[in-house]
Amino acid sequence: MAEHHPDFASERHTAEELESWLRASLAARPAPPGFATRVMAALPEERGPRIAPRGRRWRPALRLATAAALALSVLSGTLWQQHERRKAGERAREQVLLALRITAVTLNNVGQKVAHPIDNSNGDTL
Amino acid sequence: MRTDREQFRAIVEAHQSRVYSIAYRILSDRGTAEEVAQDVFLDLYRALGPIESGEHLVAWLRRVTVHRATDALRRRPRALHAAVELEDWMLEVTDAKADRPCPLATSVERLLLTLGPAQRTVVLLRYQEDLSPEEIGRTLAMPVATVKSHLRRALERLRARAEDTLKEYTRG
């Protein structure tokens, strides 16, 4: 070791010598015994798995399926509502047409009665 | 095939000395240095994914160790510094079973304590880790001119103090 400690009392020692003395003296110290074992014991039980667990792996597909089912149910609901509205419209149209037909027949009868009043004396009717 | 844990243990064993030395020489306290070194490796375990290469790993370990040790130094009450340093000094002297470095290295470590934390860290990275001022600047996020200035002042101070220490050592 004696060769590693130059006499700094002397002015001969330059900055380079001080530097080489520091390099020689500052070698890495050994870690305390059992250090690696203590580090390993302090680690969490399982390293965060790179592959997601089974449940988590299916989660995106499940989300997609749920979204698709939701969209399908909204779409079918909308179509069913449109279909119902169309059917109601058609029923109303038929009712209006029926009412118009009845009105037309009634008016026709009334018109004929007005044109050929009942001959009460002969007992003839239209 | 080796498991993640086995691979990680190999990394710890390969770098524990470097990490512990940096922490110890910044803190001069075995207990806190070991805690800091453990925390660094636990951080590494969580951050291992993005580490790209051996060089990246070493640079990461240096940077995180320096930051964690400096934080620990700041958190430690000032009055505790002297007590902890004295205790460690006594352990160095009396603990025959300890894997002690040579007395000269211990003297250098004592001398490092006369430097401020920034100068001490720069000296460690320069002479223990053999980094250039540019690499030290990158590690500490510090301008190269500041690194060089810290180094120059630290060497002046060490040179002045080393005279007495070495005289004592050579007499012993």
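Reckoned from all heavy atoms, side chains included, excluding hydrogens, waters and symmetry mates. All chains are named by letter (A, B, ...) in the order of the sequence lines, taking the proteins before the strands, and each is independently numbered beginning at 1.
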Engineer: Walk me through it: do A/Phe35 and B/Glu13 pass the test side chain to side chain contact (heavy atoms under 4.5 Å, CB included)?
Structural biologist: CA-CA 9 Å; A/Phe35 175 80; B/Glu13 283 171 353; over 6 Å; no

Engineer: Given heavy-atom pairs under 4.5 angstrom as the criterion, report whether the side chain, backbone, both or neither of A/Ala42 touches chain B.
Structural biologist: both

Engineer: Using the rule that Ile, Leu, Val, Met, Phe, Trp and Tyr join whenever any side-chain heavy atoms are under 4.5 Å apart, tell me whether B/Tyr127 and B/Val58 fall into a single cluster.
Structural biologist: no

Engineer: Determine the option with the most heavy-atom pairs under 4.5 angstrom with chain B, choosing from A/Leu43, A/Val39, A/Leu22.
Structural biologist: A/Leu43

Engineer: Please check: side-chain N/O of B/Ser17 versus main-chain N/O of A/Ala31, any donor-acceptor pairing under 3.5 Å?
Structural biologist: no

Engineer: Side chain, backbone, both or neither: which part of B/Asp130 has an atom under 4.5 Å from a heavy atom of chain A?
Structural biologist: side chain

Engineer: According to a hydrophobic-cluster definition based on side-chain heavy atoms being under 4.5 Å apart (Ile, Leu, Val, Met, Phe, Trp, Tyr only), do B/Phe8 and B/Leu42 belong together?
Structural biologist: yes

Engineer: Non-hydrogen atoms of chain A under 4.5 Å away: do they reach the side chain of B/Ala37, the backbone, both or neither?
Structural biologist: both

Engineer: Could you grab the distance from atom CE of A/Met40 to atom OH of B/Tyr45, nearest 0.5 Å is fine?
Structural biologist: 6.5 Å

Engineer: A quick test of your reading: do over 12 heavy atoms of other residues, nucleotides or ligands sit less than 6.0 Å from CZ of B/Arg153?
Structural biologist: no

Engineer: Counting only non-hydrogen atoms closer than 4.5 Å, does B/Tyr20 touch chain A with its backbone (N, CA, C, O), its side chain (CB onward), both, or neither?
Structural biologist: side chain

Engineer: What's the shortest heavy-atom distance between B/Glu34 and A/Pro32, and which atoms?
Structural biologist: OE1-CG, 3.5 Å

Engineer: B/Ile22 versus chain A, heavy atoms under 4.5 Å apart: side chain, backbone, both or neither?
Structural biologist: neither

Engineer: Please give me the minimum heavy-atom distance between B/Gln128 and A/Leu26, naming the atom from each residue.
Structural biologist: CG-O, 3.3 Å

